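To start, the structure under review is shown below, and the notes come after it.
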Amino acid sequence: MYRTHTCGELRLTDVSKTVTLAGWVQTERRISNALAFVDLRDRYGITQLNFSGDIINQLNETPLGREFVLQATGTVNERSSKNANIPTGDIEITVTAFTILNKSAVPPFTIQDDTDGGDDLRMKYRFLDLRRNAVRKNLQLRYAVSRSARNYLHENNFLDIETPFLIKSTPEGARDFVVPSRMNPGQFYALPQSPQTFKQLLMVSGYDRYYQIVKCFRDEDLRADRQPEFTQIDCEMCFVEQEDILNMFEGLVKRIFKDVKGIDYTETLPRMTWEEAMWTYGNDKPDIRFDMKLCNLKFPAHTFPGRPDISSLIAGEFAVFNDAETVIAVAAPGCSEYTRKQTDELTEWVKRPQIGMKGLVFIKCNADGTYKSSVDKFYTEDKLKAIANAAGAKAGDLVLLLAGAEERTRKATSELRLEMASRLGFRKPDEFKLLWVLDFPLFEYDEEGNRWVARHHPFTSPKPSQIADMINNNPVIENAAEYLKHPYASIKANAYDMVLNGNEIGGGSIRIFQRELQEKMFAALGMDKEEQQHKFGFLLGAFEYGAPPHGGIAFGFDRLCSIIGGSESIRDFIAFPKNNSGRDVMIDAPSAIDDKQFDELQIKLNLK
Ligand code: ASP
């Protein structure tokens with residue numbers, strides 16, 4: 001046995017025990033020729049070792065260095081100067097014998113909570129970064145989340161069933177990673193973008209409750225904190241309706257919050273239709289930790305049928321608003337005293353290419369009840385007041401207005417809302433607001449191909465009442481500019497997303513389970529019979545052998561952990577993540593392979 005206790009374990013109640021610890025040298029402090037302190041660290045904590053008396057000579061003969069692996073035996077004593085910051089801070093070990101189990105090169109950065117290592121360096125030496133408290137805590141949290149999920153799913157009769165990694169393409173909207181097959185020259189496996197078709201086949205096989213905490217692979221450009229391989233809590237159930245799924249998985253997330261954060265969610269989660277979310281927040285994953293609802297002053301009628309037309313509020317001489325398809329306002333609380341510099345800066349912010357607006361109009365709702373605007377020339381104060389009121393602004397608020405094409409303007413206003421909320425401190429990392437977003441459109445318009453693509457994936461079922469709309473209408477889009485008027489644009493799916501603090505943490509759907517409807521769906525997406533057979537013949541075939549009604553959901557496990565852990569970055573919650581170019585800089589992957597490997601695969605490189 002290398003140790004009797006861990007470095008996080010000993011307390012005053014252990015005083016006078018003889019113990020042996022093993023760990024890494026965090027720091028060594030030489031106080032005098034006769035006294036030295038060493039902080040010994042392991043996964044559990046830090047314990048102070050006191051080297052004094054005879055042992056000091058031995059220490060002089062075999063000096064220690066940072067990150068040396070040390071075994072030390074001694075007696076637990078009460079410290080004279082205590083450290084209230086660590087749980088072992090009341091005691092120290094008076095060392096009587098020690099062994100250096102291994103030396104360490106000088107680490108490239110300090111292995112402490114506040115490290116001096118930059119991102120790249122820490123990625124290259126990830127195995128050292130993982131020794132740091134902050135990173136270790138994240139991985140422990142990740143384990144707590146997975147354990148809680150497994151317990152809940154186990155208690156609810158789910159079976160954890162593995163599905164293969166070497167498969168045929170699963171369409172989740174990304175590019176596949178492919179793996180050449182040596183035994184089948186010229187043929188390739190794809191790595192699963194998700195176990196979607198397999199979990200559906202398991203339902204056909206009668207395993208009515210399936211789950212897996214599983215790696216998925218998507219070859220996407222790694223904008224915005226994505227990883228080429230990531231983990232899902234993947235689930236599927238049969239003989240269920242949407243309501244059953246929502247209840248079951250609302251339960252899962254509540255259980256995780258209870259187990260991991262001690263938070264009791266007693267109320268059912270709010271539910272919002274996709275249309276409501278887009279209308280109110282400009283976004284299908286609204287952050288509802290704060291209000292700041294959008295005010296739709298002008299919009300194309302067919303995009304939100306039945307919503308009130310209040311465009312008369314902005315009617316007047318202002319050409320920008322008159323010409324715009326859409327005008328949306330959002331009120332930023334308490335910002336009426338923004339200076340010229342600040343409003344100029346915000347204007348620049350909305351003009352950035354990522355936001356893509358031409359300008360920003362604002363109305364200051366001054367504390368004294370007056371209104372001041374960048375478009376004073378065009379609107380009377382009464383008009384400004386009416387617009388501000390419609391936007392829900394109070395005295396002291398700043399109303400921000402964007403105008404332009406519908407989709408872009410809605411997205412930009414949504415981004416502006418989030419940006420203002422961040423600036424105002426409304427997006428608190430320790431506040432958790434969950435909701436379901438329901439009734440997504442079944443199809444999404446692909447501008448490049450002037451065709452429909454599946455918004456979720458092609459196995460998602462339409463709302464039963466709209467199956468006829470799908471079957472009886474031709475998917476061809478005659479007039480690209482007016483695609484929103486095509487009947488397919490308003491077909492809704494039996495699909496749902498769970499949203500946490502403005503992030504989609506889970507998504508799923510009730511599936512199509514009849515061959516005929518699945519074929520119709522593939523056809524609507526532009527797949528002819530031959531392609532359907534080639535790509536999904538196995539699934540269509542399985543649907544002929546008693547496929548039960550089924551549905552499921554998958555949670556983005558890395559993201560869920562990062563939000564619960566109060567961090568923006570999923571990388572912090574993955575033991576060995578890739579960088580923004582999809583590289584593992586520690587093991588240096590991807591990398592070239594030997595000529596021999598190419599020969600075996602009968603593949604010739606043809607780099608362009
Ligand atoms: N396979 C889907 C996804 O990865 C989830 C699901 O529909 O269950 O998003």
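Bear in mind that the values here come from a model prediction, so they are computed numbers and not experimental data. Numbering of residues begins at 1 and proceeds along the displayed sequence. Indexing begins at 1, ligand by ligand and atom by atom, following the structure's order. Heavy atoms only: backbone and side chains are in, while hydrogens, waters and symmetry mates are out.
For S194, a nitrogen or oxygen atom sits less than 3.5 Å from a nitrogen or oxygen atom of ligand 1, counting backbone and side chain alike. Distances between N or O atoms of Q196 and those of ligand 1 include at least one value under 3.5 Å. For ligand 1, none of its N or O atoms has an N or O atom of E236 under 3.5 Å away.
Close approach of ligand 1 to I553 (heavy-atom distance below 4.0 Å) involves ligand atoms 8 (O). Within ligand 1, the atoms closer than 4.0 Å to a non-hydrogen atom of K199 are 6 (C), 8 (O), numbered from 1 in the order shown. Of all atoms in ligand 1, numbered sequentially from 1 with element shown, those under 4.0 Å from a heavy atom of G507 are 5 (C), 6 (C), 8 (O). Atoms of ligand 1 lying under 4.0 Å from any heavy atom of G508, numbered from 1 in the order shown and given with element: 6 (C), 7 (O). Ligand 1 places these atoms under 4.0 Å from at least one heavy atom of Q232: 3 (C), 4 (O). Each of the atoms 5 (C), 8 (O) of ligand 1 lies under 4.0 Å from some heavy atom of A554. The distance from ligand 1 to the heavy atoms of R218 drops below 4.0 Å at these ligand atoms: 3 (C), 4 (O).
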For this session: Start with the C-alpha gap between Q212 and T163, add the side-chain angles, then the distance that decides, and say whether side-chain hydrogen bond (donor to acceptor under 3.5 Å, both in side chains) holds.
Result: CA-CA 9 Å; Q212 196 180 179; T163 51; 3.0 Å; yes
Problem set entry | Trace of the side-chain hydrogen bond (donor to acceptor under 3.5 Å, both in side chains) decision for N138 with R132 | CA-CA 10 Å; N138 292 345; R132 292 172 54 235; over 6 Å; no
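One side chain, Y210 or D234, offers a donor N or O that lies under 3.5 Å from an acceptor on the other. T460 and S509 are linked by a side-chain donor-acceptor pair at a separation below 3.5 angstrom, with hydrogens and angles left out of the test. Between the side chains of N450 and Y445, at least one donor N or O lies within less than 3.5 Å of an accepting N or O. Side chains of R410 and T303: no donor on one and acceptor on the other come within 3.5 Å.
Between F165 and F217, the ring centre distance stays below 6.0 Å.
Residue contacts with ligand 1 for Q200 are absent, since no atom lies close enough (heavy atoms, distance under 4.0 Å).
Between H456 and G508, the closest heavy-atom pair is NE2-CA, 3.5 Å.
Nearest protein heavy-atom neighbour of atom 9 (O) of ligand 1: E172 OE1, 3.7 Å.
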